[in-house]
Amino acid sequence: MSVALDFIFKAPMATLPEKGSFTWKAPSNIALVKYWGKHGMQLPKNPSISFTLDACHTITTLEFKKNKKAPEVGIRDMQVPTDKEFKIDIFLDGVKKPEFRKKVAIFITRIAKLVSFISDYDLVIKTHNSFPHSSGIASSASGMAALSLCIMSMEKALNPTMTDELFYKKASFLARLGSGSASRSIEGPVVVWGKHQDMKGSNDLYGIPFPFAIHKNFKNFHDTILLVDKGEKQVSSTIGHNLMVNHPFAKERFNQASKNLSLLSETLQNGGLDAFINIVESEALTLHAMMLTSHPYFILMKPNTLSIINKIWEFRAQTNAPICFTLDAGANVHVLYPEKEKTRINQFIMNELLPFCQKNHYICDRVGFGAKQIL
Ligand code: DP6
């Protein structure tokens with residue numbers, strides 16, 4: 001049987017109450033080897049690996065109430081169901097957000113065949129991000145992960161014998177259909193998404209925990225996120241991934257990502273901080289190089305992004321401290337360093353790097369252990 005078929009909800013073994021709710025907290029993640037380029041139904045062109053974060057998270061409550069519509073008016077074959085066909089209300093920090101409805105409705109439509117019970121319920125989604133909406137930090141990974149977990153809790157209530165293993169795999173599978181990187185926001189501390197020959201169990205459909213023991217150097221690793229530009233994303237992820245279609249360097253890039261994942265895997269196991277710095281910084285710059293060399297082309301770094309990178313390189317050259325940076329598809333900088341270096345590196349960040357942040361804003365984060373059910 002194909003893996004995807006394993007994920008189709010078959011028949012209920014128990015009943016869900018007429019109404020109820022589930023709440024999950026799901027973390028954000030920061031990719032070390034980047035996912036950039038996708039095909040088909042949210043499948044990655046190359047494998048990626050990330051640190052699960054801790055402080056940056058989304059808390060989502062999914063309220064469900066049995067609807068009165070005839071069972072044949074399901075959402076299975078519809079494009080984007082209208083409010084009459086399928087009722088979803090979305091609130092962010094208590095404020096109704098009709099503008100989010102389309103994205104969520106598309107997601108629910110995509111997953112409807114896998115969780116067919118969903119069309120029997122009206123849904124209210126109440127969500128809160130620990131980081132400000134305007135921070136330039138994408139909430140799609142933690143948001144889609146939290147929502148997928150709430151939907152999986154509904155499924156688990158209908159099918160209580162479901163194993164935890166299947167629960168988390170399917171949650172990651174569903175989350176991927178909402179946003180690729182969300183597949184890496186279910187478990188922790190390090191998650192691999194995308195098929196890779198060195199990683200047993202890895203595949204393009206859902207993320208798996210890094211399948212080897214992680215060296216103590218990488219336990220409790222810190223990620224201080226410097227908010228250089230808190231504006232709206234200049235390049236949406238859909239446009240961004242599409243830039244890799246017919247990109248002149250695409251093939252090389254996808255091969256390089258696989259090689260970097262092999263190297264990083266060894267490094268995470270043997271504790272090599274120099275190798276880690278080398279791979280992670282190169283991945284960040286390569287991601288931006290792909291945007292610089294695509295058509296249309298984009299520069300997503302800001303002058304302060306480069307100033308921070310230069311300061312980090314100067315500090316590293318002077319002190320030998322194992323500090324490095326990575327970037328998302330934006331101007332903010334993630335500063336990565338081991339727990340045992342936190343005192344001197346924090347001091348450096350406060351004194352030397354904060355002046356380059358918008359209004360001195362930054363977020364202290366660290367590697368976390370995955371999503372948690374709250375209610
Ligand atoms: C640069 O997961 O946001 O952060 O699948 O279209 O939702 P969609 O894209 P998304 O892309 C993330 C790209 C990245 C790198 C990464 O997280 O691996």
Side-chain angles (χ1 to χ4, degrees), residues 26-53 56 58 100 102-104 106-107 110-111 129 131 135-148 172-186 188 190-194 196 202 204-207 210 223 225 232-245 247 250 253-254 256-258 260-261 264 279-292 294 298-301 305 325-334 336 365:
S28 193
N29 70 77
I30 179 67
L32 304 170
V33 171
K34 309 287 180 181
Y35 147 57
W36 198 242
K38 62 179 172 181
H39 65 108
M41 190 51 95
Q42 290 284 99
L43 299 168
K45 290 293 256 178
N46 64 261
S48 57
I49 187 167
S50 51
F51 276 149
T52 303
L53 295 180
C56 289
T58 298
F100 292 174
K102 189 170 171 206
K103 189 167 184 191
V104 175
I106 290 174
F107 169 60
R110 252 185 213 167
I111 65 168
N129 296 322
F131 44 92
S135 60
I137 300 178
S139 58
S140 58
S142 51
M144 286 298 175
L147 178 57
S148 300
S172 173
F173 184 99
L174 297 181
R176 183 200 95 235
L177 293 170
S179 177
S181 55
S183 66
R184 301 189 312 243
S185 269
I186 304 289
V190 175
V191 177
V192 177
W193 169 45
H196 189 276
S202 64
D204 290 351
L205 302 177
Y206 53 85
F210 182 64
D223 177 3
I225 309 166
E232 281 283 305
K233 266 187 168 181
Q234 226 189 88
V235 181
S236 78
S237 57
T238 306
I239 294 175
H241 290 287
N242 274 337
L243 297 174
M244 291 307 280
V245 177
H247 191 293
R253 161 60 197 154
F254 301 141
Q256 178 202 42
S258 283
N260 279 344
L261 184 45
L264 194 67
I279 301 160
V280 167
E281 290 192 344
S282 167
E283 273 289 317
L285 294 176
T286 303
L287 170 71
H288 283 254
M290 290 300 109
M291 285 180 253
L292 289 167
S294 58
F298 295 93
I299 304 180
L300 298 188
M301 290 187 266
T305 312
F325 71 87
T326 188
L327 307 165
D328 262 341
N332 295 335
V333 183
H334 290 247
L336 302 173
D365 212 335

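Each residue takes its place number in the sequence, starting with 1. Since the model is a prediction, treat every value here as computed from it, not as a measurement. In listed order, ligands and their atoms are each counted from 1.
- Within ligand 1, the atoms closer than 4.0 Å to a non-hydrogen atom of Ala31 are 16 (C), 17 (O), 18 (O), numbered from 1 in the order shown.
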(request) Report the C-alpha distance between Ser181 and Met144 in whole Å, list the side-chain angles of each, state the deciding distance to 0.1 Å, and finish with yes or no for side chain to side chain contact (heavy atoms under 4.5 Å, CB included). (result) CA-CA 9 Å; Ser181 55; Met144 286 298 175; over 6 Å; no

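- The 12-atom threshold is not exceeded at CD1 of Ile299, counting heavy atoms of other residues, nucleotides or ligands nearer than 6.0 Å.
- Residues meeting the side chain to side chain contact (heavy atoms under 4.5 Å, CB included) test with Ser202, sequence neighbours left out: Val192, His196, Met199, Ile208.
- Considering backbone and side-chain atoms alike, Asn29 places every N or O at 3.5 Å or more from each N or O of ligand 1.
- Within the structure, the closest approach of Arg184 to ligand 1 falls below 4.0 Å when heavy atoms are considered.
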(request) Could you give me the CA-CA distance, side-chain angles and deciding distance for Met244 and Met291, then say whether side chain to side chain contact (heavy atoms under 4.5 Å, CB included) is met? (result) CA-CA 9 Å; Met244 291 307 280; Met291 285 180 253; over 6 Å; no

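- Of the N or O atoms in Lys38, one or more lie within a sub-3.5 Å distance of an N or O in ligand 1.
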(message) Applying side chain to side chain contact (heavy atoms under 4.5 Å, CB included) to Trp193 and Ser183, what does each step give before you reach the verdict?
(response) CA-CA 7 Å; Trp193 169 45; Ser183 66; 3.3 Å; yes

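- Annotation: atom 11 (O) of ligand 1 to nearest protein heavy atom, His241 NE2, 3.0 Å.
- Residue, atom and distance of the protein heavy atom nearest to atom 3 (O) of ligand 1 are Ser237 CB, 3.4 Å.
- Atom 4 (O) of ligand 1 has as its closest protein heavy atom Asp328 OD1, 3.4 Å.
- Atom 13 (C) of ligand 1 has its closest protein heavy atom at Tyr35 O, 3.5 Å.
- A side-chain donor from one of Lys34 and Thr326 sits under 3.5 Å from a side-chain acceptor of the other.
- Taking distance alone, with nitrogen or oxygen atoms compared against 3.5 Å, Ser179 approaches ligand 1 more closely than that limit.
- Residue Ser48 places no N or O, backbone or side chain, under 3.5 Å from any N or O of ligand 1.
- Side-chain contact check for Ser48 and Arg184: at least one donor-acceptor pair (N or O, by modelled atom type) lies under 3.5 Å.
- In this structure, the ring pair (Phe, Tyr, Trp, His ring centres under 6.0 Å) partners of Phe210, at least two apart in sequence or on a different chain, are Phe212.
- Between Gly180 and ligand 1, at least one N/O pair is under 3.5 Å apart.
- When only non-hydrogen protein atoms are considered, atom 2 (O) of ligand 1 lies nearest to Ser181 OG, 2.6 Å.
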